[in-house]
2 protein chains.
Amino acid sequence: MARDGSTRELLLDAYVALLIEEGERAATVQAVADRAGVSKGGLLYHFGSKADLEAGLIERFLAFGAEDVEALLRADDIVEAFLRSSIAVDSGFDRATVALVRLAQLPTGGPARAAMQRIDDAYASAIAERLGDEELAHAIVLMSDGIYLRSAMGALDPARAEAELESILAIARRLGA
Amino acid sequence: MARDGSTRELLLDAYVALLIEEGERAATVQAVADRAGVSKGGLLYHFGSKADLEAGLIERFLAFGAEDVEALLRADDIVEAFLRSSIAVDSGFDRATVALVRLAQLPTGGPARAAMQRIDDAYASAIAERLGDEELAHAIVLMSDGIYLRSAMGALDPARAEAELESILAIARRLGA
DNA sequence: GTCTATACTGAGATAGAC
DNA sequence: GTCTATCTCAGTATAGAC
């Protein structure tokens with residue numbers, strides 16, 4: 001999950017894991033440090049404040065997202081590539097996304113919301129440009145968002161993810177993708 | 001919003017409003033009571049505990065949901081009726097839904113998740129039965145879920161809701177609904 | 001430079017007693 | 001329905017290990 005083995009990345013991993021598994025309330029600075037196996041002071045050496053930690057997570061999400069959009073633009077079948085990346089619930093990007101969904105819902109979640117909007121828009125325009133069909137691209141992104149809602153609620157069964165993917169792909173095909 | 005003017009309903013209204021506007025963290029028993037204009041003791045007269053309050057919200061959600069499914073089954077155009085009710089971000093049902101999305105994400109959110117799943121399934125089978133197309137019904141419910149994700153993140157602009165509805169309806173029509 | 005360990009402040013929530 | 005004691009958390013500070 002960590003992009004390298006640095007403590008900074010381990011701290012972000014721990015933050016993501018806590019947000020996903022125990023919710024925003026449990027993701028205190030102390031809990032994140034404990035989970036990463038460093039002291040609280042150690043965390044605050046890398047991230048000066050909790051807001052800084054959140055900013056670090058947003059930065060990671062945006063980096064992952066930009067990579068993902070790049071990969072999408074190189075894929076033969078952009079729709080399958082997009083939906084497959086939506087359903088891959090264990091990738092670092094997906095975990096970062098679900099964690100960010102939690103933060104986006106807080107009163108202070110403005111930056112998280114803006115980051116998600118930015119990536120969503122990048123996806124939508126990449127797909128729309130390739131397919132030449134804005135409406136279709138919109139539908140595909142919206143269905144992907146639906147999957148993320150279920151992921152965020154912990155309601156997505158990884159065992160059924162492949163079947164889900166096939167089902168949505170079939171729908172996309174019917175729409176002309 | 002309240003189904004009648006009773007204190008019980010006012011307390012649920014206050015709970016919903018706090019969950020939506022300030023997040024789960026801010027929705028303490030004291031804060032809910034304050035917002036409803038009653039004392040903490042007054043709240044605890046109607047709901048014996050915070051868990052009871054949550055159960056009351058789930059009950060309200062299920063009642064709204066059952067009504068909505070009933071109305072759907074009576075509608076001429078089930079798809080338009082469903083999507084229109086998804087996008088009506090200010091109805092009591094939508095507010096209850098967005099509030100419940102917050103609770104569903106907590107470690108203790110099992111009952112909330114189960115309730116949402118129950119209503120989602122009821123929608124999917126009502127639409128599938130009417131259209132005779134399970135895949136199409138699935139796509140429509142998934143797009144509706146996507147809208148709820150944006151609502152839950154506070155990212156849905158009510159002014160653009162009607163345009164959004166038209167866009168999704170057009171997609172549904174292309175799928176044969 | 002990257003931490004650990006410890007201890008403190010101040011804000012805000014919580015829980016119970018009365 | 002208020003009062004009080006307690007708790008948790010963010011953030012700061014310090015001194016020192018590797």
Side-chain angles (χ1 to χ4, degrees), chain A residues 1-61 63 99-113 115, chain B residues 6-57 99 102-103 105-109 111-112:
Chain A
M1 234 155 299
R3 318 206 101 200
D4 53 42
S6 72
T7 302
R8 201 184 149 86
E9 297 299 325
L10 287 174
L11 284 163
L12 288 177
D13 287 346
Y15 187 33
V16 166
L18 278 169
L19 284 172
I20 292 175
E21 292 164 25
E22 301 182 42
E24 177 271 334
R25 206 166 178 166
T28 66
V29 169
Q30 183 69 62
V32 171
D34 287 351
R35 177 139 187 167
V38 303
S39 68
K40 184 181 162 183
L43 185 151
L44 291 169
Y45 171 77
H46 290 283
F47 301 97
S49 68
K50 195 171 191 186
D52 244 47
L53 183 63
E54 186 174 327
L57 176 56
I58 290 172
E59 201 181 327
R60 169 188 276 198
F61 166 80
L100 220 62
V101 169
R102 304 263 204 259
L103 295 179
Q105 291 170 75
L106 300 173
T108 55
R113 282 193 290 273
Chain B
S6 72
T7 302
R8 201 184 150 87
E9 297 299 324
L10 287 173
L11 284 163
L12 287 177
D13 288 345
Y15 187 34
V16 166
L18 278 169
L19 284 171
I20 293 175
E21 292 164 25
E22 300 182 44
E24 177 272 335
R25 207 166 177 165
T28 64
V29 168
Q30 183 68 63
V32 172
D34 287 352
R35 178 137 185 170
V38 304
S39 68
K40 183 178 160 187
L43 184 151
L44 291 169
Y45 170 78
H46 291 283
F47 300 96
S49 67
K50 196 169 188 184
D52 244 46
L53 184 63
E54 186 175 326
L57 176 55
R102 305 264 204 259
L103 296 179
Q105 291 171 75
L106 300 173
T108 55

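It should be emphasised that the depicted structure is a prediction, and the values quoted were computed from it without experimental measurement. Here is how names work: the chains are called A, B, and so on, in the same order as the sequence lines, proteins then strands, and each is numbered from 1.
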Next on the checklist: It should be established whether A:Tyr45 places a side-chain nitrogen or oxygen under 4.0 Å from OP1 or OP2 of nucleotide C:dC3.
Outcome noted: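 Checking A:Tyr45 against C:dC3: no side-chain N or O falls below 4.0 Å of OP1 or OP2.
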
Checklist entry - Looking at A:Thr7, does any N or O in its side chain come under 4.0 Å of the phosphate oxygens OP1/OP2 on C:dT2? => result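 Checking C:dT2 against A:Thr7, no side-chain N or O comes under 4.0 Å of OP1 or OP2.
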
Checklist entry - Side chain of A:Val29: nearest nucleotide among C:dT2, C:dT4, D:dA10? => result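 My answer, after comparing the listed nucleotides, is D:dA10.
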
Checklist entry - From the list D:dA10, C:dT14, D:dT12, which nucleotide is the closest neighbour of the side chain of B:Thr28? => result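 In terms of side-chain proximity for B:Thr28, the closest of D:dA10, C:dT14, D:dT12 is C:dT14.
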
When we call it a touch if two heavy atoms are under 4.0 Å apart, what does [X] touch: a base, just sugar-phosphate, or nothing?
{"X": "B:Gly42", "answer": "nothing"}
{"X": "B:Gly41", "answer": "nothing"}
{"X": "B:Arg25", "answer": "nothing"}

In whole Å, what is the span from the [atom1] atom of [X] to the [atom2] atom of [N]?
{"X": "A:Leu53", "N": "D:dC9", "atom1": "CG", "atom2": "C1'", "answer": "14 Å"}
{"X": "A:Asp52", "N": "D:dG11", "atom1": "CG", "atom2": "P", "answer": "9 Å"}
{"X": "A:Leu10", "N": "C:dT2", "atom1": "CG", "atom2": "P", "answer": "14 Å"}
{"X": "A:Leu44", "N": "C:dC8", "atom1": "CG", "atom2": "P", "answer": "18 Å"}
{"X": "B:Asp34", "N": "D:dT2", "atom1": "CG", "atom2": "P", "answer": "11 Å"}
{"X": "A:Leu106", "N": "D:dC9", "atom1": "CG", "atom2": "P", "answer": "16 Å"}
{"X": "B:Glu22", "N": "C:dA13", "atom1": "CD", "atom2": "P", "answer": "10 Å"}
{"X": "A:Arg8", "N": "C:dG1", "atom1": "CZ", "atom2": "C1'", "answer": "15 Å"}

Item to check | Residue pair A:Gln105 / B:Gln105, side-chain donor-acceptor N/O under 3.5 Å | outcome: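 Indeed, the side chains of A:Gln105 and B:Gln105 share at least one donor-acceptor pair under 3.5 Å.
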
Item to check | Residue closer to the 5' end of DNA chain C, B:Lys50 versus A:Val38 (nearest nucleotide) | outcome: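 Its nearest nucleotide lies further toward 5', so the answer is A:Val38.
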
Next on the checklist: Tell me if a side-chain donor or acceptor on A:Arg60 pairs with a main-chain N or O of A:Glu9 at a distance below 3.5 Å.
Outcome noted: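 At least one qualifying donor-acceptor pair exists.
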
Next on the checklist: Can a donor-acceptor pair be found, under 3.5 Å and without considering hydrogens, that links the side chain of A:Arg102 to the backbone of A:Ile20?
Outcome noted: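 At least one qualifying donor-acceptor pair exists.
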
Item to check | Criterion side chain to side chain contact (heavy atoms under 4.5 Å, CB included) against B:His46, the qualifying member of B:Thr7, B:Val38, B:Asp52 | outcome: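 Of the listed residues B:Thr7, B:Val38, B:Asp52, the side chain to side chain contact (heavy atoms under 4.5 Å, CB included) partner of B:His46 is B:Thr7.
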
Checklist entry - Is it true that atom CD of A:Glu59 has more than 12 heavy atoms of other residues, nucleotides or ligands lying nearer than 6.0 Å? => result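 Open: at most 12 neighbouring heavy atoms sit under 6.0 Å from CD of A:Glu59.
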
Item to check | Side-chain donor/acceptor contact of A:Lys40 with base of D:dA10 under 3.5 Å | outcome: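 Yes, the side chain and the base share a sub-3.5 Å donor-acceptor pair.
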
